[in-house]
Structures are given as structure tokens and as C-alpha cells.
Number of protein chains: 2
Amino acid sequence: MKPKIDDVARLAGVSPTTVSRVLNDRGYISNETKEKVQDAMAKLNYFPNDIARSLYTKRSNLLGIIMPTTSNPFFGELTFHLESICASLGYKVLLCNSLNQKDKEKKYLDMLMRNQVDGIIVGTHNLGILNYQKQNLAVVSIDRYLSETIPVVSSDNYEGGKLATELLVRKSCEHIVLIDGVKEIEKSYLRREAYIDTLDKIGKTPIIYEIPEVFNVQSQQEIIENIFSEHPEVDGVFATNDIFAASFITAAKRYGKKIPEDIKVIGYDGTETVRTVLPDLTTIRQPIEMIAKEAINILLKEIEGEFTDPLHETKLPISLIEGSTT
Amino acid sequence: MKPKIDDVARLAGVSPTTVSRVLNDRGYISNETKEKVQDAMAKLNYFPNDIARSLYTKRSNLLGIIMPTTSNPFFGELTFHLESICASLGYKVLLCNSLNQKDKEKKYLDMLMRNQVDGIIVGTHNLGILNYQKQNLAVVSIDRYLSETIPVVSSDNYEGGKLATELLVRKSCEHIVLIDGVKEIEKSYLRREAYIDTLDKIGKTPIIYEIPEVFNVQSQQEIIENIFSEHPEVDGVFATNDIFAASFITAAKRYGKKIPEDIKVIGYDGTETVRTVLPDLTTIRQPIEMIAKEAINILLKEIEGEFTDPLHETKLPISLIEGSTT
DNA sequence: TTTCATATGTCAACGGGTTGACATATGAAA
DNA sequence: TTTCATATGTCAACCCGTTGACATATGAAA
């Protein structure tokens, strides 16, 4: 059986209250007693039961992180930073990979509520559910507009979309295709809007390809290949994430198109992984670590009840990284 | 205040015990009562407190996952699969990114113990700590030999290393360099051993480059660049992960070397991300999902106490994916 | 000598849900 | 009419650590 506080007390020859005082650094304890207790804990291999602790204190120090999937480099890196920061602040992280599936998100949310998480960081977009379940729960969203009461942290998507499109225009692309995710209600499409606006301004027509199953490589490839038959004139591609961009480049090679000579390509995200594996790719880099920091900042304020602004939105700066694909 | 079981009971007009009976599907309950209770729960937005529940049942249904970093595509994908499978089995996951740092791993382990996890899945290699802290804790390791009592799940690293090296030999490479991580005590180096054995057999000398900070892109690049000055004759490279391979290819380009004409390169892991971003890369693919499944299988058996074999090792099949870099 | 900061003990309530023991009531089958 | 499965209630103990109230003891400063 696992040792409990009474076992420690007995071995150390003190009362359970004293052990608790040592554990929580409360009241008066002599160094001598403190050491005796710590020795006993070490000897017994005692770990205080945080579950019992949480029950009494009503603070779980648990945060939920709901992401589509840590398989994706953007979310994988985001999750890493989020968790690292949480750990440094004494928060523990319950990880949820929802794959953007509504039913899974619902289940995960339920699970997080039952586990008394102090807050939730959301990187997926189906959680309209949150509205009425919210109650006092602290929530912060990354890059998704979930509801009017949930603060959003994102990078400057409009600026990013503008920078990307303008670069292609500046490089004399005449037929610029956008490869994007599917337009859904809960998600803002600022990258797309910037693309459309920028083309509008110079009298060009947007050509948009939507990839529905973000995490299904197969269908992704098929849709991208359609571009070559349906728009053989394409000479510029703005992909709203680097994976799409990479898939396009692969397809382009198969179709005998040279990059950047025949077609210029710019991606989005600029994750470390893609920067390492495909350093040539021109992309818009998101400040992933900064996003993580800011999201947690806001969430902690919500948890402490210091946060009141209902329509809070944080836009962090992006940067253009020019490789050799443009 | 959050509603509790008594609030639900009051609203439904039943006793708390009856609510508990509904929650746990225990004893006799009429459908009518069941519905009344469920309605009340819905109305109050009640979530049973899993913390209180765990305290009594002594089962947290919590698993700890300790990985170096989810930023890395291999571990990101592994974490995704592990978490997904856990979720489908009713287990919750506490995520830990240790960056392979001993002090962090120690802290994480401590945290997991305090949180009464039912088991731990380890993908890092510093946990000699586990030996004496282990007690009754169920642990399974992925690809690392932590101690004699901890089962290991991995893919067939020796076979993979052999396949990779043999491919380079078959493609007439004369000077084959291995790019590997740093050799440490707790980790097995079967990929490296296979490389050495294979070269030995045909009378060639191994040339090994070790990259210490797996997650520091900077130093990684520097070490790799040394290859060109120290071994300009190199015409084949076996990198023990795809990221190293990609870094080498980048460096090779900078040095005016053509791949595969001048130098042939094979990587390791074959993650979806790298397969998408750099599909040309020849690599040894690990069955990541299968590894995750098997690890959890074993862990659950340990938790249920059905597991006895102390020296358990599972080797899953790898496969060669030939791209155009060899 | 008095006073007070320091040091430790005892005790019980508390957090929220679970469970076993036991009581009671109803309606259908034997 | 008896019996029993079904249905629900009451009650208290339990899980484990925390905390406040209160008692007691010691030694040093005033």
C-alpha cells in the first residue's frame, strides 16, 4: 500500500499535523523536525496525494489543452511550448487530440470538467459547446473565434496573408491560387480575406482551393492535383500552412513544374520542423512560443479573476521568411 | 459555486444516493428516476467531480506520458497516437516534455506520482530514477532501456540499421557516414551497432558523427558541416532520424554536393510530417501507431497486475521506403 | 518575573462522491 | 397470502490531506 501522511508521521515520530505543516510550510517548524520529516518521506518513498489535496483546496492546478493533433508540426510545437510554460508555473496539462471532431471535443470537454481543470486552452474550432457549459471556467482560444466571451490569441493573420500575397504579386505572379482549409463558421479567415483583398485591389480574381480533411494526406493530394488540370496557368501559390505548401511542391514536381521558375510558392507557419526539413520554403512565420506565452498569461488572469475584458483579442507579429520557392 | 451531487438530488427530488446510483449504474433504478436525475444534471450543468471519485476509488485513470518534446515529429506523432488510444480506453493523459533533461524528468516524475497516475509511458532516457521510486507503479518504455524490470517497446532497430546501411552499400557507396545522437548509457544503440557490423563485414571503417543537443538546430548544423571538411570523400550518409538527414541534405546543397549523385542519404523514422514535407527522402519507417498500441497494451496489463515477465521486449517491424535520395 | 515568539500536539470538520447496511414500499408472481 | 424482485431512502464510514481552534512547553527577551 502507498504510504500516507500518518505513516510518515509515525516514522518521523511527530504528529500528522506537523508533517502537513512541513509539506505546506505553514506555522512554526524547527529545522530539526523538518529534516526528520523529510527523511521519513524519503525513506518511505512518500508522495503527497495531490488528489486529496485538490479535493480540499478546490484547486486542481490542472489545465486542459485541446488541439487537433500533436502530429501536426504547428500544434506539436505549440503544445510543447504551452506545456513547458505550464510546468514552469506549477500547472499540469491534460492533453486532448480532438482531430477537430465535434463529438470528440465534446467528450474531452466533459472529461476536463469532471477533472476540475482550472482552465482550458483551445486550438480547435468546434467548441460552440463552450458557451453554455462555460460557467466560471477560464478558457482561452488560439487563433479561433469561439464566442464573444472567450479571448483569442493569434498572430496577425491578415497581415500575414497580405504579406504573402503581395510577395507573389511583387514577384510578377499573374495567376495566384490560394490553398486553404475549409471555411467554417467558427473560424476567422483573415489570411484568406487578405489574399482576396490584395488581389481585388489590383483587379485579379481569387482562385481558392479548399482542403477539407486537414489531417488526411490522401485527399489533400487529390485536391491539390486538381489545380494543374483546372488552372494550368497557375504561377503563384499561397498555402495557408506549410504542409499544404509542401504537398503542392511535391505535386508540382510530378507535373514537371519548376519552383520558383514556373510557379512560386509561399507557405504559412514557419515551424521549426518545416524550417529544418524544408528550409528553402518561403513562408510566414508565426511566433509560436510567444503565442503560447500570451495565451497562458491571459488564462492565468482569467483564473485569478483579474480578467474582465469580454472581447479580448491579441494579435502577435508575424514575419516573412524568404526562401527560394518564391 | 459548482453544483454538487446534493444539488442534483434536491432538484430531481431524490436522495443523493440515488443520484450516485444513476451515475454509477448500480443497484435498482427505474427509467423514470434515471431521467429525472439526468434532466436535473443537465439543467444544473453538473459534472461529477472526478477528483472526489478518484480519492475514494483509488483509481485516477490518469496516465503520464514523458517525451523529450512534442515539437519533434516522431514524438509528436507518437504522443498523438498514445493519447488517442488512451482516450478511447477512458484514460486521461498528463503530458510532460522533458527535453531529455534529467532534472525536468525528476520533477515530472514527482508530479506524476503525486497525481496518483495509474501508469507512465516513457519516451526519454534519463529515468534511472525510476528504479527505486518505482514501487508498484506501472511503467512502459518506448525505445529506451531504463531498467531490467521495465518492458520496452520499440521497432526493430538493428534490422533498420542493417537495412539502411546495406542499401547504401548496395548503391556502391564507399564512404558511409553515420549521423547519430550521443551514445549514452541508458539507450541502446542498435541502429549504430547494425551500421558498424554491416560495415565491418565488408571491411569498411565506420565514421560516426554524434549530435549532442538533439533539439538545438544550431549546433546540429555545425556538427554536420564538419563532415564536409573532415570527410570530403563521403558519398553515403545514414542518419538515425529524418531531421538529421534533412539537415545533412541542406548542408550538402550548400557545399555544392548533389543528392543522390554525389552523396546518397537515408534517414530514419518516416513520420507522416516528414513523408509529406520531404517525400523524396529515403528512410526507414517506424510503425508509430503500432508502437503506441503495443505500449499501452503492455501498460494496461501491468496496471491490471496481469503482467509478470520482467525482461519483456517487443520488437515491431520496420520498413524501407525508397525515395530519390539514395 | 512576566511576556512572547517558537515549536509541537490533539482533535474534529471539511472537500465531494461512494458504498455497504438496513429500512421501507410496491406490485407481480407463486 | 406469501414471497421476492424492484425501487428508493437514510445513515455513516471512508478516501487523504488541510486547516483552524486550542492546549502545552520551552527558552529568550523585557
Side-chain angles (χ1 to χ4, degrees), chain A residues 1-41 44-62 110-111 113-118 135-136, chain B residues 1-41 44-62 110-111 113-118 135-136:
Chain A
M1 213 51 302
K2 280 180 191 159
K4 11 195 141 197
I5 214 168
D6 291 291
D7 302 313
V8 176
R10 208 171 312 122
L11 183 62
V14 299
S15 74
T17 303
T18 301
V19 177
S20 175
R21 286 200 256 250
V22 173
L23 280 172
N24 298 289
D25 210 13
R26 236 173 23 97
Y28 296 115
I29 328 115
S30 67
N31 284 330
E32 198 194 356
T33 305
K34 200 181 272 182
E35 272 169 39
K36 267 197 303 181
V37 170
Q38 276 159 351
D39 284 355
M41 295 200 292
L44 289 173
N45 213 343
Y46 170 79
F47 294 91
N49 185 331
D50 264 6
I51 288 186
R53 222 189 185 98
S54 295
L55 182 58
Y56 184 84
T57 61
K58 295 186 153 193
R59 259 304 209 96
S60 64
N61 283 309
L62 223 44
D110 197 79
M111 180 273 276
M113 297 297 294
R114 299 162 88 104
N115 281 277
Q116 314 296 113
V117 291
D118 294 335
Q135 307 213 103
N136 290 316
Chain B
M1 211 55 295
K2 279 181 192 159
K4 7 192 144 201
I5 214 168
D6 292 296
D7 302 313
V8 175
R10 208 172 310 120
L11 183 62
V14 299
S15 74
T17 304
T18 301
V19 177
S20 175
R21 285 201 257 252
V22 173
L23 280 173
N24 298 289
D25 210 14
R26 233 172 26 96
Y28 296 115
I29 328 114
S30 66
N31 284 331
E32 198 193 354
T33 305
K34 199 180 273 181
E35 273 169 38
K36 267 196 303 181
V37 170
Q38 276 158 352
D39 285 354
M41 295 199 294
L44 290 173
N45 213 344
Y46 169 80
F47 294 91
N49 185 330
D50 265 7
I51 289 186
R53 222 188 185 98
S54 295
L55 183 58
Y56 184 85
T57 62
K58 296 186 152 190
R59 260 302 209 98
S60 64
N61 282 309
L62 224 44
D110 197 79
M111 181 273 277
M113 296 298 292
R114 300 162 88 103
N115 282 277
Q116 315 296 115
V117 292
D118 295 334
Q135 308 213 105
N136 290 315

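Naming: A, B, ... by sequence-line order, numbering from 1 per chain.
With rounding to the nearest 0.5 angstrom, the CE atom of B:Met41 is 5.0 Å from the CG atom of B:Leu23. Summarising the geometry, atom CZ belonging to A:Arg53 is positioned 9.5 Å from atom CG belonging to A:Asn49; distances are rounded to the nearest 0.5 Å. In this structure, the separation between CG on B:Leu55 and OG on B:Ser60 is 11.5 Å, given to the nearest 0.5 Å. The CD1 atom of B:Ile51 sits 7.0 Å away from the CG atom of A:Leu62 when rounded to the nearest 0.5 Å. Taking NZ from B:Lys58 and NZ from A:Lys2, the interatomic distance works out to 8.5 Å, rounded to the nearest 0.5 Å.
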Worksheet item: Going through the distances and angles, do B:Asp6 and B:Arg10 end up as a salt bridge (charged side-chain N to carboxylate O under 4.0 Å, His left out)?
Response: CA-CA 6 Å; B:Asp6 292 296; B:Arg10 208 172 310 120; 5.8 Å; no
Practice prompt. Assess whether salt bridge (charged side-chain N to carboxylate O under 4.0 Å, His left out) is satisfied between A:Asp7 and A:Lys4, documenting all intermediate values.
Written response: CA-CA 5 Å; A:Asp7 302 313; A:Lys4 11 195 141 197; over 6 Å; no
Can you give me every donor-acceptor pair (side chain of residues 25-35 of chain B, partner residue at least two apart or in another chain, under 3.5 Å) with its distance?
residue	atom	partner	partner atom	Å
B:Ser30	OG	B:Thr33	N	3.2
B:Ser30	OG	B:Thr33	OG1	2.8

Worksheet item: Just by protein heavy atoms under 4.0 Å, how would nucleotides 17-22 of chain D read 5' to 3' in B, S and -?
Response: BBBS--
Worksheet item: What string of B, S and - do you get for nucleotides 23-30 of chain C 5' to 3' if you count protein non-hydrogen atoms under 4.0 Å?
Response: --------
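As a whole-Å value, the separation of A:Asn115 CG from C:dG16 P is 15 Å. Atom NZ of B:Lys58 and atom C1' of D:dC16 are 9 Å apart (whole Å). If you measure from atom NZ of B:Lys2 to atom C1' of C:dG17, you get 14 Å, rounded to the nearest angstrom. Distance A:Leu55 CG to C:dC14 C1': 9 Å, rounded to the nearest Å.
Using a 4.0 Å cutoff on non-hydrogen atoms, no part of residues 27-38 of chain A comes near DNA chain D.
The overall bend of the helix from C:dT1-D:dA30 to C:dA30-D:dT1, read as the angle between its terminal helix axes built from five base pairs each, is 40° when rounded to 10 degrees.
Residues forming a side chain to side chain donor-acceptor pair (under 3.5 Å) with B:Arg21 (at least two apart in sequence, or on another chain): none.
Remark: the backbone N or O of B:Asp50 is paired with a side-chain donor or acceptor of B:Ser54 at under 3.5 angstrom. Formation of a donor-acceptor pair under 3.5 Å by the A:Asp39 side chain with backbone atoms of A:Lys36 is not found in this model. Panel note: side chain A:Asn115, backbone A:Val117; no donor-acceptor pair is recorded below 3.5 Å.
Scanning all heavy atoms of the two residues, the minimum distance from B:Pro3 to B:Leu44 falls at CG-O, 3.4 Å.
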